[in-house]
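Everything on this sheet refers to the single structure shown next.
Note that ligands are numbered from 1 as they come in the structure, with each ligand's atoms numbered from 1 the same way. Numbering starts at 1 and runs along the sequence shown.
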Amino acid sequence: MDYRGFEGVIGLEVHAHLLTESKLFCGCSTKFGAEPNSHTCPTCMGLPGALPVLNKKVVDFAIRLGLALNCTINRRSIFARKNYYYPDLPKGYQISQYEEPICENGYLDIYINEEKKRIRIKRIHMEEDAGKLVHEDTIETSTYSLVDYNRSSVPLLEIVSEPDIRTPEEAVEYLKMLRDCLIYLEICDGNMEEGSFRCDANVSVRKIGDTEFGTRTELKNLNSFKYIEKSLDYEIKRQIELIKKGGEVVQETRLYNVDEGVTYSMRGKEEAHDYRYFPEPDLLPLIIDDKWIEDIRKGLPELPFEKIERFLKEYNLPRYDVEILVSDRSLASYFEDTVMLFPEPKTVSNWIMTELLRELKARNLEAKDAPISPANLAELLTLIKDGTISIKIGKEIFPELCSTGASPKRLVQDKGLIQISDESAIAQTIEQILARFPKEVAEFKAGKDKLLGFFVGQVMKETKGKANPKLLNELLLKRLKA
Ligand code: ADP
Ligand code: MG
Ligand code: ZN
C-alpha cells in the first residue's frame, strides 16, 4: 500500500464471544438462536436486588488467551461499571474491566512478505455483552421495537492492541492470526457472521518520519476481513486527503457503508459517551494465584504460530503452504496424518491445496469432514509414485474417490486404469499413430520439434490416458529421431 509520504496508524479492539455454556454472571444459557428472552433471569435482566456471580470458566479462558499472547496475568484485577443508557442494556451499565484488567502487555507476531512484525497487545479484559434490539419493520415505518435479552451478559473478551499496525494488510494478518489463536484455544468459534468475532478499528495518519500520532477516528463493528481491509484503506486515504487540503481530522466514530465503500460520521466527540467508569461494588476483586495460571499453562495446545514454525522446519514447505494448512487445525492434522503414510510433504501439500480444497469447497464441507481419508490419499499418491497410474488419472479419479470413499487401489483395478508401462504395448500404439499422421511426421523430421506434444497427445488419447508419460516420451523421441 502506498500512501505517498504518509502512513496509517491503526489500533484494533476485538470482541470475542466465549464458548462457555453459561453467561458471565448467571447460570443462563449462552446458546445462539433460541426463542427471544428464553435465556434470561433476574440477574441478566438487571432486576433490582439481583447480584452477579462470576463464571470461573470465563477467567480460565481469559488466562488461556493471555498466556497464548504473552501477556502479564495480573494477580489482582477488578470489574468496573461502564455507564450508559440504551434499551438493550437493562442495568443502565455494562460490567467490564477498566483499571486493572486481567491481562496486559502482550504481543502477537505476524508475517508480511516473510518478514516478522510484532504487534503489541495493550490489554485483554472480560466484559458482558448487551441484549439485542429487533426492529420489526424498517425503522422509518415502525412505531415500536422489540428487545431480546438472550445475549445480555454473554461473556466477551476484549483484546486491545497498541497502535502498532501500519497498513490494512497488517490489520487483516493480525486479525486472522488472533482469530486462529482463539479457535485453537477453543475459547471462541470465530464466527464473524454471527458476530462472535468482531472488531472496532482506531485509525489515524501521519507524515512518514513524524513521531507524534495524529487525531484518530474509530470505525465500528467491522465483521469481515474483506470489509475491514477496504474500510481501513478508505479511511486512511480520506484522512490524508483532508490533511493535504489543509483540513483537520476530528475525533469521531464512523461507520463503513458496504454498498458505497465509504465511511460516514456516526457521532462526534461532543456526542461521545461519558461512561463514568467506577469499580463494580457487587463483585470482589478477582485474585488469581500462581497455581491457577500454571495449571492453565500446562493445558495449552500447540498454537497456530508455533505450528507454523514447526511445519516450516520439519517439512521444509514454503510459508505460503504452511499458513494455509495451519489456518485450520483439522487441515493441519489431515496433512500430518497423510505425510506419516506418504512421507513427501510438498507433494501432499500440493494435493491438499488444490484437489482436496477444491472438493471441500464444491461439497461445502470443512476439513474435519474431509470426504477422502488421509489413508486413501496416501494410497493414491503411492499408486502414482510407483507408476501404477499417471498423475493425470490420479486427478481424474479424485472426485470419485471423494464421493464413494472407495479404496484407490480397488477403483483403479475395477476401472482398468492401470498405467501401461509395457514398452512393446506403447511402441505398438506409437506405430499406429505415426502411420495415421504421415504429414506431421515429415514436418517433425524437417525440424518442427513442437509436434512432439501432438504425438504424445494422440497416443494418450488412444490409450485413454494410461500410457506411462515418461516412457512414452522416451520411446517416441527414439523412434522419431531414428
Ligand atoms: P481509549 O481509552 O480512549 O479507548 P485507548 O488508549 O484504550 O483509548 O486506545 C484504544 C485503541 O485506540 C487502542 O487499540 C489503541 O491502540 C488505539 N489508538 C490510540 N491512539 C491512536 C491513534 N492516534 N491512532 C490510531 N489508533 C490509536
Ligand atoms: Mg477503549
Ligand atoms: Zn441470567
Within this structure, what is the [atom1]-[atom2] distance for the pair [X] and [Y], rounded to the nearest 0.5 Å?
| X | Y | atom1 | atom2 | value |
| --- | --- | --- | --- | --- |
| L401 | N376 | CG | CG | 7.0 Å |
| E235 | T263 | CD | OG1 | 4.0 Å |
| S327 | K176 | OG | NZ | 8.5 Å |

Can you tell me which portion of [X] lies within the under-4.0 Å heavy-atom range of ligand 1? Options are side chain, backbone, both, or neither.
| X | answer |
| --- | --- |
| L12 | backbone |
| E162 | backbone |
| V160 | side chain |

Going by an N to O cut-off under 4.0 Å, is there a salt bridge joining [X] and [Y]?
| X | Y | value |
| --- | --- | --- |
| R76 | E100 | yes |
| D295 | K291 | yes |
| E128 | K82 | no |

Ligand-residue contact atoms, ligand 1 with [X], heavy atoms, under 4.0 Å:
| X | value |
| --- | --- |
| S204 | 22 (C), 23 (N), 24 (N), 25 (C) |
| V9 | 24 (N), 25 (C) |
| G11 | 14 (O), 16 (O), 17 (C), 26 (N) |
| G214 | 23 (N) |
| F213 | 23 (N) |

Next on the checklist: Within 45 degrees of the ring normal and closer than 6.0 Å to the centroid, is that where the cationic atom of R319 sits relative to Y111?
Outcome noted: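 Because its charged atom sits under 6.0 Å from the ring centre and within 45° of the axis, R319 does stack over Y111.
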Next on the checklist: Can you see whether Y93 has R81 sitting over its ring - NZ or CZ less than 6.0 Å from the centre and within 45° of the normal?
Outcome noted: yes
Item to check | side chain to side chain contact (heavy atoms under 4.5 Å, CB included) between Y227 and Y234, worked out | outcome: CA-CA 10 Å; Y227 293 134; Y234 175 87; over 6 Å; no
Checklist entry - So between R216, R206, K122, whose heavy atom ends up nearest atom 4 (O) of ligand 1? => result R216
Checklist entry - Between F305 and Y184, is the gap from one ring center to the other below 6.0 Å? => result no
Item to check | Neighbour count >12 (heavy atoms, 6.0 Å) for atom CG, D369 | outcome: yes
What do you reckon, does [X] have a nitrogen or oxygen under 3.5 Å from a nitrogen or oxygen of ligand 1?
| X | answer |
| --- | --- |
| V203 | no |
| P163 | yes |
| E13 | no |

Checklist outcome for this item: Under 2.8 Å from the Zn ion (ligand 3), protein N/O/S atoms total 4
Checklist entry - Taking the inter-plane angle between the rings of F311 and F335 on a 0 to 90° scale, is it parallel (under 30°), tilted (30 to 60°) or perpendicular (over 60°)? => result tilted
